[in-house]
Each structure stands twice: as C-alpha cells, then as structure tokens.
There are 2 protein chains.
Amino acid sequence: MPEVPPPAPTGDELLKVLSALGNPHRMRIVAALMESRNYVSALAREIGMGRPLLHMHLQRLEAAGLVVGTLELAEDGKTMKYFEVTPFFYELTPHIIAQAAATITETADRTAKEEAK
Amino acid sequence: MPEVPPPAPTGDELLKVLSALGNPHRMRIVAALMESRNYVSALAREIGMGRPLLHMHLQRLEAAGLVVGTLELAEDGKTMKYFEVTPFFYELTPHIIAQAAATITETADRTAKEEAK
DNA sequence: GGCACCTGTCAAAGATTCCTGACACATCTC
DNA sequence: GAGATGTGTCAGGAATCTTTGACAGGTGCC
C-alpha cells in the first residue's frame, strides 16, 4: 500500500510549529535533545541557559507537539522531567501554506495566554 | 535521472523562513498571492491592511525568499510593484532542524537590522 | 539541621515585532 | 493646479516575546 498523502496541518497548528521552530534557541534545544533525551536542569547546563528560560522554551515546543516531557522518578527519589523530540514531519510549500492560512481561527492569536485547555 | 536528495538549508536560512511564515498575516499574504500575483496597494485593499504594514511583511517574506517583487511599468505610466510567491519547498524533521541548528551564525540574530547586504 | 539537587512559577526589566499616521516623490486625468 | 493612484520611508506608540533573579516545594545525604 502506498504512503498516505501528505496530511494538511491546520493553520493554528502550523502556526504554532513554525513560530516555535523559528527561534535560534529552540532550534538548538531540539538539536540537543536529538542526540539524547535529557532532563531540564542538565539540559540547561549543557546549552548554557537559565532554567526558567529553558522551561519556557520547552513549553512552547511541547505545545507545538515537537517534543514531549515525562516526569520520571530517579532511583534516588528525585523527580526529574525528561524531554525528547517527537518524530515530527512537516512540508512547507505555497499550497500547504495557503491551505493552512484558510483555517486560521484567529483564536490562535489571542488564546495563547488563556491556553489552559 | 532521480530526484535530488532533500537539500539541507542553512540555519540562518531556515530561521528566516520559519519566522517569516510563522505569522498569521504573512500566511494570508502568501495565500492571497497564490491565486494571483498582485501589486502592493491592491493587495493591501484586498486583505484589509495598511500599506506600510503590508510593505514590511512583504519585505520579510522576500528576504526569506518566499516571494519576489518586480517593479513594473503599467500602460498608464504608473510604476507598480508586483509580488508573486516562489515555488519554495522545505521539509521539517528533527534531523533537518538539528543540522540547521549547527549552522547558525549568530549573526542572523543581530544582523537583521544591518541587513543592507 | 544544613546542603545539594530536582521541579515549578512569578514579577519586572529588556529587546523585538507589529501597526498606524504623516510625509515625500512620480504620473496621468480633469 | 487639484485630485486620484502608485511607490517608499520614518517616527512613535502598542503589543509580544525573551530573559533574569527570587521564591516555594520536594527528596536524599552528611
């Protein structure tokens, strides 16, 4: 059976993905998590970035579905949140952008903060 | 002859593309230009947006190589700048992001304004 | 208890991006 | 000349995003 045709992401989804990836730090974070999943504090040290900041960037990436974090219990009892990248795949072409643009709910702009879901 | 393997965009390039496309207005602009190339003033009216603003967004899109504008002389002598989308194609996967992240010149961050080139 | 490590959140400052109104210049038409 | 349409740019305020330092809570070890 042939591969499924390229799925068309919704405008809101694509918007979150693109704005999440369109940042140097976030790109590096994805790159760092590519070679090995890691927990927040260690990652922060590795790429030289404050924890609160990293935390926020990871949230943005997770909200876009590009990485996932799971709270794990280390042997010594400490709880640490490990993050790893998801095998995402997006294609960017004029057509796809046009399709996505047609499905932008406007809410994506203002709901960003109320995004309690 | 087989298709060429997916080219790996540089970090700076991908960064410009993603941040350019990661904006509702810019997505709509691309969508609008998809169905018909148009000149600035007309486009501004079509999507209800001020000219100065549209001008800025178009610049961002053009800088990312997603659209191209050409100054043309209308029959009545008026010079108008027509924009049209370029047949761009980008793939977004963890690998590609990681590769791109490794080639970020930092300059991309600060050069944005001095980008006189 | 005191120290080291983990997690998370908040508020305030800094830096960017986004948006608007005003201005300058050019051409054609009435 | 006055008016309509086109192009482009600039200054200033509004809205966002980014970044930092301080705090709070938790567990294990000396």
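Order of the sequence lines sets the chain letters (A, B, ...), proteins ahead of strands, with each chain counted from 1. Everything numeric in this text was worked out from a predicted model, so none of it was measured.
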Return the value, rounded to whole Å, for the distance between atom CG of A/Asp76 and atom P of D/dC30. 12 Å

Closest-nucleotide ordering on DNA chain D, the 5'-leading residue of A/Lys78 and B/Tyr39: B/Tyr39

Starting the side chain at C-beta, find the nucleotide from D/dT9, D/dT18, C/dC6 nearest to B/His55. D/dT9

Look at A/Lys16 together with A/Glu62 and state whether they make a salt bridge at an N to O cut-off of under 4.0 Å. no

Should A/Glu72 and A/Lys78 be marked as a salt bridge (Lys or Arg N to Asp or Glu O under 4.0 Å) after you check the CA-CA gap, both sets of side-chain angles, and the distance that decides it? CA-CA 8 Å; A/Glu72 292 180 24; A/Lys78 284 174 183 146; over 6 Å; no

For atom CG of B/Leu43 and atom P of D/dT5, their distance in whole Å: 17 Å

From CD of A/Glu72 over to P of C/dC5, roughly how many Å is that when rounded to an integer? 21 Å

Side chain of A/Arg26 only, please: which of D/dT18, C/dC18, C/dC5 is the nearest? D/dT18

For B/Leu14 against B/Ala100, the heavy-atom pair lying closest together: CD2-CB, 3.8 Å

When we call it a touch if two heavy atoms are under 4.0 Å apart, what does B/Met49 touch: a base, just sugar-phosphate, or nothing? nothing

Are any side-chain N or O atoms of A/Thr86 and backbone N or O atoms of A/Gly65, one a donor and one an acceptor, separated by less than 3.5 Å? yes

Separation of D/dT18 atom P from A/Leu54 atom CG, nearest Å, is 13 Å

Which listed nucleotide (C/dT9, C/dT7, D/dT19) is nearest to the side chain of A/Thr79? C/dT7

With a cut-off of less than 4.0 Å, is there a side-chain N or O of B/His25 near OP1 or OP2 of C/dC19? yes

Is there a path from B/Phe88 to A/Ile96 through hydrophobic residues (I, L, V, M, F, W, Y) whose side chains come within less than 4.5 Å of each other? yes

Under 4.0 Å between a side-chain N or O of A/Asn23 and OP1 or OP2 of D/dT18? yes

Proximity to the side chain of A/Gln59 - top-ranked nucleotide from C/dA22, C/dT9, D/dT19: C/dT9

Provide, to the nearest angstrom, the distance between the CG atom belonging to A/Leu18 and the P atom belonging to C/dT17. 17 Å

Atom NZ of A/Lys81 to atom C1' of C/dC6: distance rounded to whole Å? 13 Å

Between CG of A/Leu53 and C1' of C/dG8 the distance, given in whole Å, is 15 Å

Nearest to the side chain of A/Leu71, heavy atoms from C-beta on, is which of C/dC18, C/dG8, C/dC6? C/dG8

Which of the following nucleotides, C/dC6, C/dG8, C/dC18, is nearest to the side chain of B/Met56? C/dC18

Transitively linked via ILVMFWY side-chain contacts under 4.5 Å: A/Ile47 with A/Met34? yes

Could you tell me, to 10°, how much the axis swings from one end of the helix from C/dG1-D/dC30 to C/dC30-D/dG1 to the other, five pairs per end? 10°

Find the distance B/Arg51:CZ to C/dC23:P and express it as a whole number of Å. 15 Å

Quick one: which of C/dG8, D/dG8, C/dT20 gets closest to the side chain of B/Val40? D/dG8

Might you work through the side chain to side chain contact (heavy atoms under 4.5 Å, CB included) test for B/Leu92 and A/Leu92, ending with a clear yes or no? CA-CA 8 Å; B/Leu92 261 40; A/Leu92 261 41; 4.1 Å; yes

Check whether A/Arg26 reaches the backbone of A/Ser19 with its side chain - one donor and one acceptor, N or O, closer than 3.5 Å. yes

